[in-house]
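Quick note: residue numbers are just sequence positions, from 1.
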Amino acid sequence: MRIGTLGAGAIAQAIARHAIRHGHEVVLSNSRGPASLAPLVQDLGALATAATPAEAATADLVVLAVPWPRIPDAVAGLPRLDGTVVIDATNQFASLSPKPEIADLGDLTGSEYVSSLLPGARVVKAFNALYGQFIAPDPRHEAGRQVLFLAGDDTDAKNTVRDLTSEFGFAPVDLGTLREGGRLIQLGGPLSALHALKQD
């Protein structure tokens, strides 16, 4: 699979490393341009390249992992993503300092808002409930596999993400739709930042 990232921070890098370890190609992008990612691409090896966000968005699957306030700019110049599976790994932090603030989206969940900005895309919420430093290591532990919550409105898209993350070693748990499941794992939800292992 060819996986594109919008954003190249800790979470995008963690997902990219898992993907590359399992033989997938990764196309990284950020707001500063491909040249700024040259050291990272060199570190990741032959299966990694850097590109513009529009080029990264043509991949088979796209990971959105940028700070919440930057999402509109990050997706503004993209081609239509008709049918593309997009993993939304974002959290709706309106600001982080000096005191974290959660963006007021009214009745919408964070991923429903993201989905509204990506017409045609099949959005799956995943990875947002875990800190980057816990996504990066091998998710298989002596006591079980790291649980990965996911939510989405498209069953086939969720199956794609489930199969990919299972390959990485995670134990994906489908929580339902972007509205119901997304509410459980977004900021303020009962499963946000919950770390659990599934016994095998």
Side-chain angles (χ1 to χ4, degrees), residues 3-16 28-33 36-37 40 52-54 56-57 61-81 84-136 146-154 157-158 161 165 172-196:
I3 298 170
T5 75
L6 303 176
I11 291 175
Q13 289 183 37
I15 296 170
L28 298 128
S29 73
N30 63 10
S31 60
R32 295 182 300 280
S36 69
L37 296 170
L40 174 60
T52 65
L61 179 146
V62 175
V63 177
L64 176 64
V66 299
W68 185 263
R70 296 185 193 165
I71 292 174
D73 286 343
V75 304
L78 300 182
R80 273 189 66 94
L81 302 181
T84 300
V85 177
V86 175
I87 294 178
D88 173 19
T90 67
N91 280 307
Q92 66 272 33
F93 279 115
S95 65
L96 288 174
S97 60
K99 183 180 177 183
E101 272 183 48
I102 298 178
D104 183 4
L105 301 176
D107 192 43
L108 287 179
T109 63
S111 281
E112 285 177 309
Y113 170 76
V114 167
S115 184
S116 75
L117 300 178
L118 296 169
R122 298 185 291 161
V123 174
V124 177
K125 189 77 165 177
F127 289 108
N128 67 295
L130 295 172
Y131 295 134
Q133 67 263 37
F134 298 116
I135 296 171
Q146 175 72 56
V147 168
L148 180 73
F149 298 116
L150 57 90
D153 295 337
D154 186 291
K158 286 192 290 186
V161 175
T165 56
V173 175
D174 184 350
L175 298 176
T177 64
L178 289 180
R179 174 163 288 263
E180 301 305 326
R183 203 177 298 284
L184 294 173
I185 51 176
Q186 70 178 12
L187 289 178
L191 302 181
S192 177
L194 177 68
H195 293 240

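Taking D104 as the reference, nothing meets the salt bridge (Lys or Arg N to Asp or Glu O under 4.0 Å) condition, with sequence neighbours excluded. Contacts of F134 classified as ring pair (Phe, Tyr, Trp, His ring centres under 6.0 Å), with partners at least two apart in sequence or in another chain: H195. In this structure, the side chain to side chain contact (heavy atoms under 4.5 Å, CB included) partners of I102, at least two apart in sequence or on a different chain, are Q92, L187. With sequence neighbours excluded, the residues that form a side chain to side chain donor-acceptor pair (under 3.5 Å) with S36 are N30. Contacts of D153 classified as side chain to side chain donor-acceptor pair (under 3.5 Å), with partners at least two apart in sequence or in another chain: none. Every residue was checked against the ring pair (Phe, Tyr, Trp, His ring centres under 6.0 Å) condition with F149, not counting sequence neighbours, and none meets it. Taking A196 as the reference, V147 meet the side chain to side chain contact (heavy atoms under 4.5 Å, CB included) condition, with sequence neighbours excluded. For T109, the side chain to side chain donor-acceptor pair (under 3.5 Å) partners are E112, not counting sequence neighbours. Remark: L184 engages L175, P190, L191 in a side chain to side chain contact (heavy atoms under 4.5 Å, CB included) (not counting sequence neighbours). Legend: residues meeting side chain to side chain donor-acceptor pair (under 3.5 Å) with Q146, ordered by chain and number and at least two apart, are absent.
Here salt bridge (charged side-chain N to carboxylate O under 4.0 Å, His left out) pairs that include residues 122-132, with residues two or more places apart or in two chains, are D88-K125, R122-D154.
You'll find the side chain of L118 reaches within 4.5 Å of the side chain of L78, heavy atoms only.
Smallest separation of non-hydrogen atoms from A56 and V62: O-CG2, 3.9 Å. Counting all heavy atoms, side chain and backbone alike, P119 lies closest to S116 at CD-O, 4.2 Å. Across all their heavy atoms, A57 and L81 have their closest contact at O-CD2, 3.5 Å. Scanning all heavy atoms of the two residues, the minimum distance from I185 to A129 falls at O-CB, 4.2 Å. Looking at every heavy atom in both residues, A151 comes nearest to G181 through CB-C, 3.7 Å.
Between the CG atom of D107 and the CZ atom of R179 there is a distance of 4.5 Å, given to the nearest 0.5 Å. With values rounded to the nearest 0.5 angstrom, T5 atom OG1 is found 11.0 Å from L61 atom CG. Taken from NZ in K158 to CG in L178, the straight-line distance is 8.0 Å, to the nearest 0.5 Å. Within the model, atoms CG of L64 and CG of N128 stand 11.0 Å from one another, a figure rounded to the nearest 0.5 Å. The CD1 atom of I87 lies 9.0 Å from the CG atom of L150; values are rounded to the nearest 0.5 Å.
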Would you tabulate the side-chain donor-acceptor contacts of residues 67-75 under 3.5 Å, counting partners in other chains and residues two or more places apart, or write 'none'?
none

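Looking only at distances, no side-chain donor or acceptor of S95 sits under 3.5 Å from a matching main-chain atom of P100. Under a 3.5 Å cut-off, the side chain of T177 and the backbone N or O of E180 do form a donor-acceptor pair.
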